[in-house]
Amino acid sequence: QLPHQVMNIGKAADIAKAAIQKQILFCRDQLGIRYVRILDLFSENMFLGASAYDDNINFGKVDEVLDFLTENNLIPYIEIRSRQFRVFSSVNSLLLQQNSIGNEIQNHDWQKIFKEFIRHLIRHFGSEKISDWIFDLALENDTFFDKDGFHFLPMTEERWNNYLDEYNLIASYLRKRLPKVSIGGAVFPVQHFGRHGLEKVLKEWSTQKQKPNFISITSFPYQIEQDN
């Protein structure tokens with residue numbers, strides 16, 4: 001029953017807006033939405049006030065967003081990795097691109113912020129409530145744009161092994177603190193992998209100690225414009 005009970009709302013900072021909150025509650029009441037999938041909890045718009053070397057992290061804005069959901073009987077579905085923000089005029093025409101804090105700091109510092117985030121959640125909400133939440137670790141961004149348009153990076157063995165190492169660390173930490181929590185990945189862009197490519201990486205994942213509770217994918221059936 002989970003897929004039709006999930007609403008993908010997008011960037012966490014938008015949930016603090018009254019108009020967006022109104023839409024979320026309308027969908028909850030009219031469509032039976034239970035889970036709200038949110039992105040970019042660690043973006044600069046959430047005002048964490050932390051650099052890679054600062055332990056004084058301000059989760060006030062994060063609490064505001066998550067409090068709204070939990071107080072309205074909605075369950076957070078958190079995509080852990082922050083994403084790039086992009087605005088297009090067409091499929092192949094990029095107007096604006098902004099990096100988020102998760103992409104600007106070093107990997108070990110991003111994990112440090114995430115661990116502090118989990119400790120904060122446990123203090124603020126309690127372990128029992130958080131155990132019902134869903135966490136999703138996406139792959140590193142595999143697309144880029146230049147003067148020639150849209151490109152994507154192939155999933156090399158090195159990139160996939162780096163992801164598995166990161167997932168194993170994050171999942172191990174989460175399950176140690178919250179044994180009943182659900183964590184999955186990797187927000188696979190299926191149009192980049194194809195059937196055989198996806199089968200290959202999933203088989204490799206099944207041999208890991210930290211296995212996903214679920215598999216997440218993205219699919220954007222856009223018609224790419226090309227000359228001639």
Side-chain angles (χ1 to χ4, degrees), residues 2-3 6 8 10-12 35 37-44 46 48 52 76-86 97-119 121 130 133-146 150-220:
L2 179 61
V6 176
N8 183 44
K11 296 173 71 66
Y35 299 87
R37 183 170 177 266
I38 51 181
L39 314 176
D40 290 349
L41 269 176
F42 306 138
S43 74
E44 60 183 0
M46 297 303 289
L48 298 183
Y77 179 137
I78 297 173
E79 185 172 307
I80 298 170
R81 190 187 305 282
S82 293
R83 295 192 180 200
Q84 289 181 322
F85 175 72
R86 291 167 174 163
Q97 178 170 285
Q98 295 177 339
N99 287 329
S100 61
I101 190 171
N103 294 321
E104 292 173 347
I105 62 178
Q106 296 178 22
N107 185 54
H108 71 279
D109 297 309
W110 176 83
Q111 292 178 10
K112 174 183 174 182
I113 290 177
F114 176 76
K115 290 179 179 180
E116 180 56 35
F117 169 62
I118 297 301
R119 289 191 289 267
L121 291 184
I130 305 170
W133 297 10
I134 297 175
F135 294 86
D136 196 354
L137 181 62
L139 290 161
E140 288 275 7
N141 176 53
D142 69 342
T143 59
F144 66 95
F145 295 81
D146 59 21
F150 171 89
H151 308 274
F152 70 91
L153 301 173
M155 177 49 64
T156 63
E157 183 175 351
E158 180 182 8
R159 289 187 68 218
W160 178 239
N161 287 336
N162 288 340
Y163 173 82
L164 290 178
D165 290 342
E166 185 176 33
Y167 180 88
N168 287 336
L169 287 172
I170 294 295
S172 176
Y173 181 80
L174 263 179
R175 288 166 174 160
K176 181 178 179 180
R177 302 299 298 265
L178 303 162
K180 297 181 181 179
V181 78
S182 180
I183 175 171
V187 195
F188 291 104
V190 293
Q191 68 270 36
H192 298 174
F193 278 76
R195 175 178 176 178
H196 297 297
L198 193 58
E199 285 180 348
K200 181 177 185 294
V201 295
L202 291 181
K203 285 180 180 178
E204 293 173 358
W205 205 352
S206 69
T207 66
Q208 299 292 306
K209 183 176 181 179
Q210 297 294 335
K211 298 178 177 59
N213 294 107
F214 61 90
I215 299 297
S216 55
I217 64 173
T218 61
S219 179
F220 299 96

To the nearest 0.5 Å, atom CG of Leu41 lies from atom CD of Glu79 at 10.0 Å
Which heavy atom of Pro212 sits nearest to which heavy atom of Gly185, and what is that distance? CB-N, 4.5 Å
Taking atom CG of Leu164 and atom CD of Gln210, what is their separation to the nearest 0.5 Å? 11.5 Å
Answer whether the closest heavy-atom distance between the side chains of Ile80 and Tyr167 falls below 4.5 Å. no
Salt bridge (Lys or Arg N to Asp or Glu O under 4.0 Å) partners of residues 170-183, not counting sequence neighbours, each pair once: none
Does anything in residues 202-218 pair up under salt bridge (Lys or Arg N to Asp or Glu O under 4.0 Å), and if so which pairs, sequence neighbours excluded? Lys200-Glu204
With the side chain counted from C-beta on, respond yes when Tyr77 and Asn8 share a heavy-atom pair under 4.5 Å apart, and no when they do not. no
Aromatic plane relationship, Phe117 with Phe114 - under 30° parallel, 30 to 60° tilted, over 60° perpendicular: tilted
Contact check, side chains of Val201 and Tyr163, non-hydrogen atoms, under 4.5 Å: no
Ser182: side chain to side chain donor-acceptor pair (under 3.5 Å) partners, not counting sequence neighbours: none
Dump the intermediate steps for side-chain contact (heavy atoms from CB on, under 4.5 Å) on Ile170 and Phe135, then the final yes or no. CA-CA 10 Å; Ile170 294 295; Phe135 294 86; over 6 Å; no
Applying side-chain contact (heavy atoms from CB on, under 4.5 Å), name anything that partners Glu157, two or more places apart in sequence or on another chain. Asn161
Side chains of Ile134 and Phe214, heavy atoms from C-beta outward: is any pair under 4.5 Å? yes
Contacts of Asp165 that satisfy side chain to side chain donor-acceptor pair (under 3.5 Å) - sequence neighbours left out: none
Can you list everything that forms a side chain to side chain donor-acceptor pair (under 3.5 Å) with Asn162? Sequence neighbours excluded, please. none
Hey, what do you get for NZ (Lys115) to CG (Leu174), rounding to the nearest 0.5 Å? 10.5 Å
Using a 4.5 Å cut-off on heavy atoms from C-beta on, say whether the side chain of Tyr173 contacts that of Ile183. no
Is there side-chain contact between Leu178 and Trp133, with at least one heavy-atom pair below 4.5 Å? no
Roughly how far, to the nearest 0.5 Å, is CD1 of Ile78 from CG of Leu39? 11.0 Å
Check the angle between the aromatic planes of Trp160 and Phe188 and answer parallel, tilted or perpendicular using the 30° and 60° thresholds. tilted
